[in-house]
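Below is one structure, written out as structure tokens; the observations come after it.
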Amino acid sequence: MSYHILVASYSNDIVTLSFDSQAATLEVSSSLTVGHHPSWITSHPAHPSVVWTGLEQSDGKILSLSYDAKGNLKLLSELPSGGQDPCTLLAQKDEILVGNYSSGTVGVLPIFKDSTQNTTAPTTIQLSGTGPNKSRQESSHPHQVIVHEEYQELFVPDLGSDSVRRLKKSEGGTWKLIGHIGFEGGGGPRHVAFYNGDLYTLLELTSKVVRHRLPPLPALPKFVKSTPTMSKPIPSPNDMLAAEILIPPPNASFPTPYLYLSNRNDPSPEGDIISIFSIEKPDSLELVAEVRTGLKHLRGLVFGGPDDKFLIAGGANGGGIKVFERINNGTSLKVVASTDSVQAPTGFLWL
């Protein structure tokens, strides 16, 4: 079976990879130069041939692109992101949500009802707040925009204020801040994941993962457990920063849920670690495996293929890109294909 995968990067290019699972090959099939640091890619739920990326620069830009059957990209449009350094995007039915890291703003870009072209400059929501880490938390830094489908809420992990913001649409259709979830001082929430009524939050600055019960508002979340993302002692100051957190939905091939997260900057010659946690029990957050990847500065992880059998990951500072296969019922990973042909990979999108 052959797949096409788009690769976001800290270069100027978005690269298309061809992954053949039977031949165990991973090769560059095309690339497109789009501008400075297109580090995140999102696709539209109703228009699968259109994707968006953000250029992480002081005058943040959002680009829409189309791709053909071979994954070849074409630039469609460009608009301002509503802030500085857009590091995360989410395409919804009629809008693009953007987290602008340096300016602390959430941008909302409307889309034509009958088109995937952006129409106007974004409206913005300004966040504010600080944390005790003076070098990283001098202001709000939204690091993810993710919608809880059941609650129809927008969650925004704010690394700068040690909180996860909660937004909901007003009767007029605009997003409004309605609350937040607080975390330990200096923790730096980066990304979150939802599963079975619970919220899982990755704290970048202290390399911890936190579990909360998450009832709908107005009920408040209930803390369940917090634990380090790795078994080894975390140095102080912490340079091994947690990056991504994913919980693939259980399926016929992998009926038991597990949480997967990435860690960066490990000094080991065996590279950074992907940690796997058991979350099946209501109060569990148990580290069951650590997989050495050979990757340096491991950032994005994305599952793909039948029953989310495969996991693609890349080292922004070395080690290339690797496709892993889930084995042992999902409690471990093995490398099935790799490439060193992409500069500074940061994120992925299975087409």
Side-chain angles (χ1 to χ4, degrees), residues 10 39 56 85 87-88 101-102 129-144 157-164 181-193 200-212 223-246 258-279 284-301 311 313-322 324 332-333 344-347:
Y10 274 165
S39 64
E56 282 200 45
D85 299 312
C87 69
T88 177
Y101 181 87
S102 295
T130 60
N133 187 323
K134 301 304 181 183
S135 64
R136 296 292 310 278
Q137 296 182 306
E138 77 291 349
S139 63
S140 281
H141 294 309
H143 217 303
Q144 186 188 30
D158 183 351
L159 184 145
S161 70
D162 289 322
S163 65
V164 172
I181 303 165
F183 293 84
E184 64 180 66
R190 178 183 173 92
H191 283 188
V192 303
Y200 298 83
T201 305
L202 198 64
L203 304 184
E204 174 179 329
L205 302 182
T206 52
S207 289
K208 292 182 180 178
V209 58
V210 184
R211 181 174 183 172
H212 283 89
F223 172 81
V224 176
K225 191 172 183 179
S226 173
T227 190
T229 60
M230 296 177 286
S231 61
K232 65 193 299 179
I234 304 297
S236 182
N238 175 30
D239 293 324
M240 297 196 305
L241 309 177
E244 184 61 281
I245 179 171
L246 299 172
Y258 289 99
L259 181 153
Y260 301 78
L261 60 83
S262 61
N263 302 278
R264 294 173 286 170
N265 305 334
D266 198 304
S268 168
E270 296 178 299
D272 292 335
I273 286 174
I274 295 175
S275 300
I276 305 174
F277 285 81
S278 172
I279 59 171
S284 67
L285 195 54
E286 178 187 356
L287 181 64
V288 296
E290 292 177 310
V291 179
R292 287 285 183 184
T293 63
L295 304 173
K296 295 296 184 182
H297 200 70
L298 171 57
R299 297 179 73 87
L301 306 172
L311 177 68
N317 294 342
I321 296 173
K322 297 181 180 181
F324 298 84
S332 191
L333 303 166
T346 57

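What you see is a predicted model, and the numbers here were worked out from it, not measured in a lab.
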How far does [atom1] of [X] sit from [atom2] of [Y], to the nearest 0.5 angstrom?
| X | Y | atom1 | atom2 | value |
| --- | --- | --- | --- | --- |
| Arg136 | Leu241 | CZ | CG | 6.5 Å |
| Leu159 | His143 | CG | NE2 | 6.0 Å |
| Leu259 | Glu286 | CG | CD | 12.5 Å |
| Leu246 | Leu301 | CG | CG | 5.5 Å |

**Any side-chain donor near an acceptor of the partner, Asn265 and His297, under 3.5 Å** = yes
Side chain to side chain donor-acceptor pair (under 3.5 Å) partners of [X], counting only residues at least two apart:
| X | value |
| --- | --- |
| Ser39 | Glu56 |
| Ser163 | Ser161, Arg165 |
| Thr88 | none |

Heavy-atom closest pair, residues [X] and [Y]:
| X | Y | answer |
| --- | --- | --- |
| Thr206 | Gly186 | CG2-O, 3.6 Å |
| Pro345 | Gly320 | CG-O, 4.2 Å |
| Pro267 | Met240 | CD-SD, 3.7 Å |
| Gly160 | Gln137 | O-CB, 3.4 Å |

Heavy-atom distance under 4.5 Å between the side chains of [X] and [Y], does that happen here?
| X | Y | value |
| --- | --- | --- |
| Thr346 | Arg299 | yes |
| Leu261 | Tyr200 | no |
| Lys225 | Ser284 | no |

Residues which pass side chain to side chain contact (heavy atoms under 4.5 Å, CB included) with [X], listed by chain and number, not counting sequence neighbours:
| X | answer |
| --- | --- |
| Thr293 | Asp272, Ile274, Leu295, Leu298, Phe324 |
| Thr130 | none |
| Pro189 | Pro157, Asp162, Val164, Phe183, Thr201, Leu203 |
| Ala243 | Arg190, Ser262, Arg264 |

**Request:** List in chain and number order the residues that pass salt bridge (Lys or Arg N to Asp or Glu O under 4.0 Å) with Glu184, two or more places apart in sequence or in another chain; answer none if no residue qualifies.
**Result:**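 Glu184: salt bridge (Lys or Arg N to Asp or Glu O under 4.0 Å) contacts with Lys208.
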**Prompt:** Sequence neighbours excluded, which residues qualify as salt bridge (Lys or Arg N to Asp or Glu O under 4.0 Å) partners of Arg211?
**Reply:** Asp198
**Request:** Please report the C-alpha distance between Glu290 and Ile273 in whole Å, then the side-chain angles of each, then the deciding distance to 0.1 Å, and finally whether the side-chain contact (heavy atoms from CB on, under 4.5 Å) criterion is met.
**Result:** CA-CA 6 Å; Glu290 292 177 310; Ile273 286 174; 3.8 Å; yes
**Sequence neighbours excluded - salt bridge (Lys or Arg N to Asp or Glu O under 4.0 Å) pairs with any residue from residues 232-242** =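 Non-adjacent pairs meeting salt bridge (Lys or Arg N to Asp or Glu O under 4.0 Å): Lys232-Asp266.
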**Request:** Test Leu205 against Asn238 for side-chain contact (heavy atoms from CB on, under 4.5 Å), laying out the working first.
**Result:** CA-CA 7 Å; Leu205 302 182; Asn238 175 30; 5.8 Å; no
**Message:** Among residues at least two apart in sequence or on other chains, which ones pass ring pair (Phe, Tyr, Trp, His ring centres under 6.0 Å) with Tyr260?
**Reply:** Phe303
**Request:** Sequence neighbours left out, what passes ring pair (Phe, Tyr, Trp, His ring centres under 6.0 Å) with His141? Give chain and number order.
**Result:**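 Testing His141 for ring pair (Phe, Tyr, Trp, His ring centres under 6.0 Å), a comparison that skips the adjacent residues, returns Tyr101.
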**Message:** Looking at Gln144 and Val192, would you say the former's side chain and the latter's main chain have a donor-acceptor pair under 3.5 Å?
**Reply:** yes
**Request:** Can you spot which of Leu287, Val210, Leu285 makes a side-chain contact (heavy atoms from CB on, under 4.5 Å) with Thr227?
**Result:** Leu285
